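Just follow the structure's listing: the first ligand is 1, and inside any ligand the first atom is 1. Just so it is clear, the values below take in all heavy atoms, side chains as well, and ignore hydrogens, waters and symmetry mates. Fair warning: this is a prediction, and the values are worked out from it, not measured in the lab.
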Amino acid sequence: MMLSRLKATCQEFNAQLIAVSKTKPNEKIMELYDKGQRAFGENRVQELVEKHKALPKDIEWHMIGHLQKNKVKHIAPFIHLIHSVDNLALLKTIDKEANKNGRTISVLIQIKIATEESKFGSAESDIENLVEEAKLLNNVEVCGVMGMATFTDDMDQVRQEFQNLKKSFDDLKTNIFAANDKFQEISMGMSGDHMIALEEGSTMIRVGSLLFGAR
Ligand SMILES: *Cc1c(COP(=O)(O)O)cnc(C)c1O
């Protein structure tokens, strides 16, 4: 079974499996839940809110998609980790909404590693500035970085992009987060490239179609 195989692989690499359940119905999520999976990822706020409402409360919900400022309030009460923070205005909104809910929200900084144009994420040069600002906010915790490789069959290119993300993480750790144990996550790797990602230092893989079938 794919879940147990992926879990074993993650264990071997000391990484966490995020089951990406976007577009999939609650029954499918419950099948994995009943086998012990608790971390699920979604990329749309409305779908995330509906699933959170309907499903068991010990599920850890991960927001992995592009997030608009005006939608943060809907997920702020319960979200476990936001992987897709790529600008200061968004970060400040998350801080404000977290404060309103009396909690701290964990986030990852999405870094643009793909060479193709369409992907979201912060350009490397802007990142140190962004995380320096983040350190001044009391209700967000920057726990690491996230990236998506180019959609390509060229696995050498994908590996290179993951290596770049690992390098960005290492630089941030050294320059800014040396004294912060919570800065430890590298979210990279999907169904098609998770093995390469794990080999290159991923701590969280986000796997959808391998677990749930094609969308
Ligand atoms: C959909 C999605 C995934 C999972 O993709 P699969 O190829 O189905 O494993 C991972 N990360 C993000 C950001 C996604 O939007």
With salt bridge (charged side-chain N to carboxylate O under 4.0 Å, His left out) as the test, pick out the partner of Glu42 among Lys24, Lys51, Arg206, Lys22.
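Single salt bridge (charged side-chain N to carboxylate O under 4.0 Å, His left out) partner of Glu42 among Lys24, Lys51, Arg206, Lys22: Lys51.
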Say whether Glu161 and Thr150, considering side chains only, have a donor N or O and an acceptor N or O under 3.5 Å apart.
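Glu161 vs Thr150: donor-acceptor pair found between side chains.
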Only one of [options] passes side-chain contact (heavy atoms from CB on, under 4.5 Å) with [X]; say which it is.
X      : options                     : value
Met146 : His83, Met188, His62        : His83
Glu141 : Val107, Asn180, Ile105      : Asn180
Ile82  : Ile75, Leu90, Val140, Leu91 : Ile75

Write none if no such pair exists; otherwise list each N/O atom of ligand 1 with its protein N/O partner under 3.5 Å and the distance.
unit_1: ligand 1; atom_1: 8 (O); unit_2: Ser209; atom_2: N; d: 2.8
unit_1: ligand 1; atom_1: 8 (O); unit_2: Ser209; atom_2: OG; d: 2.9
unit_1: ligand 1; atom_1: 8 (O); unit_2: Arg215; atom_2: NH1; d: 2.8
unit_1: ligand 1; atom_1: 8 (O); unit_2: Arg215; atom_2: NH2; d: 3.1
unit_1: ligand 1; atom_1: 9 (O); unit_2: Ser191; atom_2: N; d: 3.0
unit_1: ligand 1; atom_1: 9 (O); unit_2: Ser191; atom_2: OG; d: 2.5
unit_1: ligand 1; atom_1: 9 (O); unit_2: Gly208; atom_2: N; d: 2.8
unit_1: ligand 1; atom_1: 11 (N); unit_2: Arg206; atom_2: NE; d: 2.9
unit_1: ligand 1; atom_1: 15 (O); unit_2: Lys22; atom_2: NZ; d: 2.7

Run the salt-bridge test on Glu50 and Lys53 with the 4.0 Å N-O cut-off and return the result as yes or no.
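Not counted as a salt bridge, because no side-chain N and carboxylate O are separated by less than 4.0 Å.
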